[in-house]
*Asks:* 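Okay, here's the structure, questions in a sec.
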Amino acid sequence: MKKITAIVFIFFVPLTLNFCSPGNKKITLRFKYNPGLHLTYKQISKRTVKILKGDSIIKKDSHSYTMKIQQEVQRFLDDSTAEVLEQDSWQTIEPNKKDSSLIDTVQNIRKLILQVLPNGKVINFKFVNDDDITLANYIKNYYEQGLPVFPVGEKLPGYSWTQSTRIMLPGKNLEASTTYTIKSLVREAGYDCAVIEYQGNMLIPIEPAPNDSTRRSGIDRIKTNGLLYFAYKEGIVISQQEHWVIDGDRNKTLNGKTEHYKLAMNYDIDYTLIKKEQI
């Protein structure tokens, strides 16, 4: 299950060779979140972005971010729902608040609690140290549209399934969908893995934040494709590589005047397990 941090920054390092397993083996895709399980991931995202107003590019930017993600399974809420505490930490380079000619390295930490079913569906989440409603709504839409919900029963390589979500917008209803395919069974980083290939689209509304004086709003249209390496015996993600192409329509209000602009962004998103412990 790819987390909130995929929206922000993500990483992948290819460390091992893949060795094919028999293609006629049936597997069951299920997360196995036992209390006391600790998972540590490392991720880097590479982002390029253009801001356009009319036919003119008014800003271009490119960044790469490294992040550490720590997940702890705290308890079961019922027979099937696991509560997972996630802590994400990363550094950003920002102008000094007192002297803009100076540059500071800022350590960022975000904590959230997720409630997750064995099929990967996130049924609820909340920030521990953040009350950004706009970000929370964006992530909620992302969880609903962008995370795989595994099918029931044993499946062979070649099996595909499609997840579709209806998005309600003023005056119209749209649909986002992603198709997943079990491409093969391989040995990856010491684990027997299902390689799941996917491609699809997401449509994520951006709602104005109550404390945002510019009242920024709009919608992001996101095309995605990627590969997920899932250790089906252990029930955990080993690595995930994903590419996003984002076409965003945005509005903001300045001095009582609403301005429209477009956002064109590319993300290369990767995610790799570096440590697994049962405490």
Side-chain angles (χ1 to χ4, degrees), residues 1-7 25-41 43 69-88 110-128 130 136-157 159-167 176-182 185 188 191-198 200 202 224 226-240 242 271-273 275-279:
M1 178 181 59
K2 183 154 53 67
K3 304 296 184 186
I4 174 181
T5 52
I7 300 174
K25 180 180 179 179
K26 288 186 176 182
I27 61 167
T28 300
L29 299 174
R30 279 293 179 272
F31 285 92
K32 297 177 182 178
Y33 283 140
N34 296 314
L37 177 65
H38 288 243
L39 302 172
T40 303
Y41 292 87
Q43 57 182 44
I69 304 102
Q70 297 170 289
Q71 298 167 8
E72 176 190 349
V73 182
Q74 297 189 310
R75 58 174 179 155
F76 280 113
L77 300 178
D78 52 37
D79 291 340
S80 60
T81 306
E83 183 177 84
V84 180
L85 172 65
E86 177 173 313
Q87 176 174 296
D88 311 321
R110 175 175 287 129
K111 294 182 180 181
L112 63 155
I113 295 175
L114 305 105
Q115 297 173 5
V116 189
L117 297 177
N119 64 4
K121 184 177 179 62
V122 176
I123 60 172
N124 199 7
F125 80 97
K126 65 178 180 179
F127 291 125
V128 175
D130 200 329
N137 288 335
Y138 196 102
I139 293 166
K140 180 177 182 294
N141 277 283
Y142 165 71
Y143 280 159
E144 291 174 351
Q145 299 178 40
L147 294 183
V149 176
F150 291 145
V152 176
E154 295 184 326
K155 304 300 177 186
L156 286 166
Y159 179 82
S160 294
W161 73 97
T162 299
Q163 295 174 201
S164 298
T165 306
R166 300 292 293 178
I167 295 93
S177 66
T178 300
T179 297
Y180 300 87
T181 302
I182 304 173
L185 306 180
E188 173 75 6
Y191 296 91
D192 292 328
C193 292
V195 182
I196 302 172
E197 183 179 73
Y198 57 95
M202 295 185 288
T224 66
L227 285 175
L228 171 66
Y229 289 76
F230 186 77
Y232 49 86
K233 294 178 181 178
E234 293 77 10
I236 58 173
V237 172
I238 301 304
S239 68
Q240 187 167 3
E242 187 169 282
Y271 181 77
T272 298
L273 178 71
K275 190 175 183 180
K276 173 182 178 290
E277 295 179 292
Q278 183 69 49
I279 298 175

*Asks:* Using the test salt bridge (Lys or Arg N to Asp or Glu O under 4.0 Å), find all partners of Lys26 that sit at least two apart in sequence or belong to another chain.
*Replies:* none
*Asks:* Run Lys155 and Leu29 through side-chain contact (heavy atoms from CB on, under 4.5 Å) and show every step you take.
*Replies:* CA-CA 8 Å; Lys155 304 300 177 186; Leu29 299 174; 5.8 Å; no
*Asks:* Evaluate side-chain contact (heavy atoms from CB on, under 4.5 Å) for Thr81 paired with Leu117, printing each intermediate quantity in order.
*Replies:* CA-CA 5 Å; Thr81 306; Leu117 297 177; 3.4 Å; yes
*Asks:* Checking side chain to side chain contact (heavy atoms under 4.5 Å, CB included) against His38, which of Gln70, Gln71, Glu72 comes through?
*Replies:* Glu72
*Asks:* Are the aromatic ring centres of Tyr33 and Phe76 under 6.0 angstrom apart?
*Replies:* no
*Asks:* Classify the ring geometry between Phe125 and Tyr143 as parallel (under 30°), tilted (30 to 60°) or perpendicular (over 60°).
*Replies:* perpendicular
*Asks:* For Ile196 and Phe150, work out which heavy atoms get closest and say how close.
*Replies:* CD1-CE2, 3.9 Å
*Asks:* Identify, with sequence neighbours excluded, every residue that meets salt bridge (Lys or Arg N to Asp or Glu O under 4.0 Å) alongside Glu234.
*Replies:* none
*Asks:* Just jot down the side-chain hydrogen bond (donor to acceptor under 3.5 Å, both in side chains) partners of Thr181, sequence neighbours excluded, or say none.
*Replies:* Ser160
*Asks:* State the CD-OG1 distance between Glu277 and Thr40, to the nearest 0.5 angstrom.
*Replies:* 6.5 Å
*Asks:* Going by the rule side-chain contact (heavy atoms from CB on, under 4.5 Å), which residues pair with Gln163 if we only count those two or more places apart in sequence or in a different chain?
*Replies:* Pro148, Val149, Trp161, Tyr180
*Asks:* Please list, chain by chain and in numerical order, all residues satisfying side-chain hydrogen bond (donor to acceptor under 3.5 Å, both in side chains) with Gln145, sequence neighbours excluded.
*Replies:* none
*Asks:* List in chain and number order the residues that pass salt bridge (Lys or Arg N to Asp or Glu O under 4.0 Å) with Lys140, two or more places apart in sequence or in another chain; answer none if no residue qualifies.
*Replies:* Glu144
*Asks:* Using the test ring pair (Phe, Tyr, Trp, His ring centres under 6.0 Å), find all partners of Tyr41 that sit at least two apart in sequence or belong to another chain.
*Replies:* Tyr271
*Asks:* As an exercise, state the distance from CD of Gln240 to CG of Leu228, rounded to the nearest 0.5 Å.
*Replies:* 4.5 Å
*Asks:* Residues two or more places apart in sequence or in another chain: which of them pass side-chain contact (heavy atoms from CB on, under 4.5 Å) with Asn124?
*Replies:* Gln115
*Asks:* Using every non-hydrogen atom in the two residues, find where Cys193 and Ile238 come nearest and quote the distance to one decimal.
*Replies:* SG-CG1, 3.7 Å
*Asks:* In terms of side-chain heavy atoms, does Thr272 have a donor or acceptor partner in Ser239 at a distance below 3.5 Å?
*Replies:* no
*Asks:* Flag the pair Leu227 / Val195 as yes when at least one side-chain heavy-atom distance between them is below 4.5 Å, and no otherwise.
*Replies:* yes
*Asks:* Measuring from Glu188:CD to Phe230:CZ, what's the distance to the nearest 0.5 Å?
*Replies:* 14.5 Å
*Asks:* Quick one: side-chain hydrogen bond (donor to acceptor under 3.5 Å, both in side chains) partners of Thr28, sequence neighbours excluded?
*Replies:* none
*Asks:* At their closest point, which heavy atom of Val237 faces which heavy atom of Leu273, and how far apart are they?
*Replies:* O-CB, 4.0 Å
*Asks:* What are the two closest heavy atoms between Arg30 and Pro151, and how far apart are they?
*Replies:* NH1-O, 3.1 Å
*Asks:* I'd like to check Val128 versus Leu85 (side-chain heavy atoms, cut-off strictly below 4.5 Å). Are they in contact?
*Replies:* yes
*Asks:* Going by the rule ring pair (Phe, Tyr, Trp, His ring centres under 6.0 Å), which residues pair with Tyr191 if we only count those two or more places apart in sequence or in a different chain?
*Replies:* none
*Asks:* Keeping to residues at least two apart or across chains, list the salt bridge (Lys or Arg N to Asp or Glu O under 4.0 Å) pairs with something in residues 74-84.
*Replies:* Arg75-Glu83
*Asks:* Run the side-chain contact (heavy atoms from CB on, under 4.5 Å) check on Ile139 and Leu112 step by step: do they pass?
*Replies:* CA-CA 11 Å; Ile139 293 166; Leu112 63 155; 5.8 Å; no
*Asks:* What residues form a side-chain hydrogen bond (donor to acceptor under 3.5 Å, both in side chains) with Lys233, not counting sequence neighbours?
*Replies:* Asp192
*Asks:* Give me the atom names and distance for the closest heavy-atom approach of Ile236 to Leu37.
*Replies:* CG2-CD2, 4.4 Å
